[in-house]
Amino acid sequence: MTSEYRPLSRRTLLTAALGGAAAGIVGQSLFAGAAVAAAGRKKLLIGSVDPLGNGILQLADPGLTGTPTVVAVNGQPNGITGSPDGLRAYVATIFGPGLSVVDVDGARVTGEIAVGGFANDVVVSPDGKVVYVATGSSGGGGSRGHVAVVDAASGEVRARIQAGLLPHTLALTPDGTQLFVGDERGKGITIVDTARNAVSGGFKTESRTLQLAVDPKGKSLYVAAPRELITFDLRGSKSGSTPLEGIPGGLAVHPNGTFAVVSLYTGRNTDSQLVTVNVNSNKVRTKEVNGKANGPLAMSKDGGRAFVLDKKNRKATSADTSTGKPDNSLSTPNSNTPTCVAFVETA
């Protein structure tokens, strides 16, 4: 299975900057010639959208200081992830081709890939060779979405895997052999064997799957559901649960595997919460109010900082994960609504 590809023209980039559609385009050299960065360079990537549906990506200092570089992307960003080497960002979008590739240090879109449907989430294999994109159907009529499997070197869509009704959130094991797919409509998780690009199993959940994460040792799957963080083994057996005081909007697991960070919507008239959960004891470790920041969440590579989006006040907040206390924020430009966030660091 292939996708059409050609270099991005000046007209295409202008169309993207203005929010127009440029479907089915892939840069022939998506990853060659990326700007070289010194090891340890860190960036916070914040996707946002204006009222007309035009999307941008902010390339910010993780300290949330200074003025971020802004890159136009084609359509509303729904998910972001970085390549393992920290040089590229993959932006899942709606209304455009579905996947934009960004040279982080060059601050430019290098290609666009038509993945089919409205892209919801995106993850990259540990070796950086494969990009997985969860998409909802663009056809309506109750038709199902899929997971697009993209070759990172060529931009070719190698497979489209039917995984649930509406694939919404993704998580990969550290070795890249299993992909877990959360279904936005159904109460269940699909397991994909990435060697075969085929569904290998799945299991039902009692509640909707809002966010997914796999622990760094590859032994547990964490499912953020309404008012609950649930622990499963990788076969789908439930092994623990932690009550939460709201609806999770973001989830990340610390690199040492001892705790998870969750952003929570607690109600229209109450402050959001940023909580850390001891995943061994299934108990809340810290709980701090965080204004209206209850959206998607990213964690720094060392696990020391958590970044949460505040869609109502149009900003990203930052917190120390050891205490859970928010201590800084950065507004989006032109009152754009922030939609997704990721942290990248060069090896």
Side-chain angles (χ1 to χ4, degrees), residues 78-79 92 118 120-121 123 134 136 144-145 163-171 179-191 202-215 220-234 236-254 259-299 306-313 317 319 321 324 326 337-341:
N78 266 5
F118 299 153
N120 291 316
D121 197 11
V123 295
R144 299 170 65 178
L165 291 174
L166 184 57
H168 175 68
T169 181
L170 303 172
L179 176 70
F180 296 89
V181 185
D183 193 331
E184 185 175 18
R185 290 182 181 171
K187 296 177 181 179
I189 293 170
T190 302
I191 305 172
F203 57 94
K204 293 293 184 180
T205 56
E206 296 175 359
S207 302
R208 288 186 299 134
T209 299
L210 302 178
Q211 301 290 329
L212 293 176
V214 177
D215 84 286
S220 298
L221 174 70
Y222 301 106
V223 178
R227 300 188 177 278
E228 187 178 21
L229 180 65
I230 312 167
T231 305
F232 294 90
D233 66 23
L234 300 191
S237 295
K238 184 176 178 179
S239 59
S241 174
T242 305
L244 301 172
E245 296 179 357
I247 309 300
L251 169 68
V253 181
H254 193 276
F259 67 91
V261 182
V262 189
S263 58
L264 294 175
Y265 170 80
T266 61
R268 181 179 299 178
N269 300 317
T270 56
D271 284 329
S272 301
Q273 292 181 5
L274 184 63
V275 302
T276 65
V277 177
N278 184 318
V279 294
N280 296 314
S281 65
N282 295 310
K283 293 182 179 180
V284 172
R285 175 175 167 268
T286 63
K287 180 174 64 177
E288 297 290 340
V289 297
N290 196 16
K292 293 299 178 181
N294 50 56
L297 181 155
M299 186 179 288
F307 306 93
V308 187
L309 298 186
D310 180 339
K311 295 184 178 183
K312 181 175 181 179
N313 296 305
T317 66
T321 60
T337 300
T339 54
C340 49
V341 62

- Query: Do Asn290 and Thr317 have side-chain atoms, one donor and one acceptor, less than 3.5 Å apart?
  - Reply: yes

- Task: Report yes if the side chains of Val275 and Leu264 come closer than 4.5 Å at any heavy-atom pair, otherwise no.
- Result: yes

- Task: Walk me through it: do Lys238 and Ile230 pass the test side chain to side chain contact (heavy atoms under 4.5 Å, CB included)?
- Result: CA-CA 7 Å; Lys238 184 176 178 179; Ile230 312 167; 3.7 Å; yes

- Message: With a sphere of 6.0 Å drawn around CZ of Arg285, does it hold more than 12 non-hydrogen atoms of other residues, nucleotides or ligands?
- Response: yes

- Message: Contact between Leu166 and Asn120 at the side-chain level, heavy atoms closer than 4.5 Å - yes or no?
- Response: yes

- Item | Point-to-point distance, once rounded to the nearest 0.5 Å, from OH of Tyr265 to NZ of Lys311 | 12.5 Å

- Message: Is the shortest side-chain heavy-atom distance between Thr266 and Val289 below 4.5 Å?
- Response: no

- Does any non-hydrogen side-chain atom of Leu297 lie less than 4.5 Å from one of Leu274? yes

- To the nearest 0.5 Å, what is the distance between CD (Glu288) and CG (Asp271)? 11.5 Å

- dist Asp121:CG -> Asn78:CG (nearest 0.5 Å) comes out at 9.0 Å

- Query: Does Phe259 reach the side chain of Thr286, with side-chain heavy atoms less than 4.5 Å apart?
  - Reply: no

- Item | Closest heavy-atom pair and its distance - Pro296, Thr339 | CG-O, 3.4 Å

- Message: Does Lys287, at its NZ atom, have more than 12 non-hydrogen atoms belonging to other residues, nucleotides or ligands within less than 6.0 Å?
- Response: no

- Task: Could you grab the distance from atom CG of Asn278 to atom NE2 of His254, nearest 0.5 Å is fine?
- Result: 12.5 Å

- Query: Taking the side chain as C-beta and beyond, is there a heavy-atom pair between Phe180 and Thr190 under 4.5 Å?
  - Reply: no

- Note on the structure: For Arg268 and Lys292 the tightest heavy-atom approach is O-NZ, 3.0 Å

- Determine the minimum heavy-atom distance between Ala171 and Val214, stating which atoms define it. CB-CG2, 3.9 Å

- Message: For a 4.5 angstrom cut-off between non-hydrogen side-chain atoms, does Val262 reach Thr242?
- Response: no

- Item | Nearest heavy-atom neighbours spanning Asp183 and Leu165 | OD2-N, 2.6 Å

- Spacing of CG belonging to Asn313 relative to OG1 belonging to Thr337, to within rounding of 0.5 Å: 11.0 Å

- Report the distance from atom CZ of Phe307 to atom OG1 of Thr321, rounding to the nearest 0.5 Å. 10.0 Å

- Query: Side chains of Ile191 and Leu179: closer than 4.5 Å at any heavy-atom pair?
  - Reply: no

- Item | Steps toward side chain to side chain contact (heavy atoms under 4.5 Å, CB included) verdict (Ser220, Thr231) | CA-CA 7 Å; Ser220 298; Thr231 305; 4.0 Å; yes

- Minimum heavy-atom separation for Ser241 to Asn282, with atom names? O-CB, 3.6 Å

- Message: Set out, in order, the CA-CA distance, both residues' side-chain angles and the distance that settles side chain to side chain contact (heavy atoms under 4.5 Å, CB included) for Leu244 and Val277, then state yes or no.
- Response: CA-CA 9 Å; Leu244 301 172; Val277 177; 4.2 Å; yes

- Query: Is it the case that more than 12 heavy atoms not belonging to Lys283 sit under 6.0 Å from its NZ atom?
  - Reply: no

- Closest heavy-atom contact between Gly295 and Ser263? O-OG, 2.7 Å

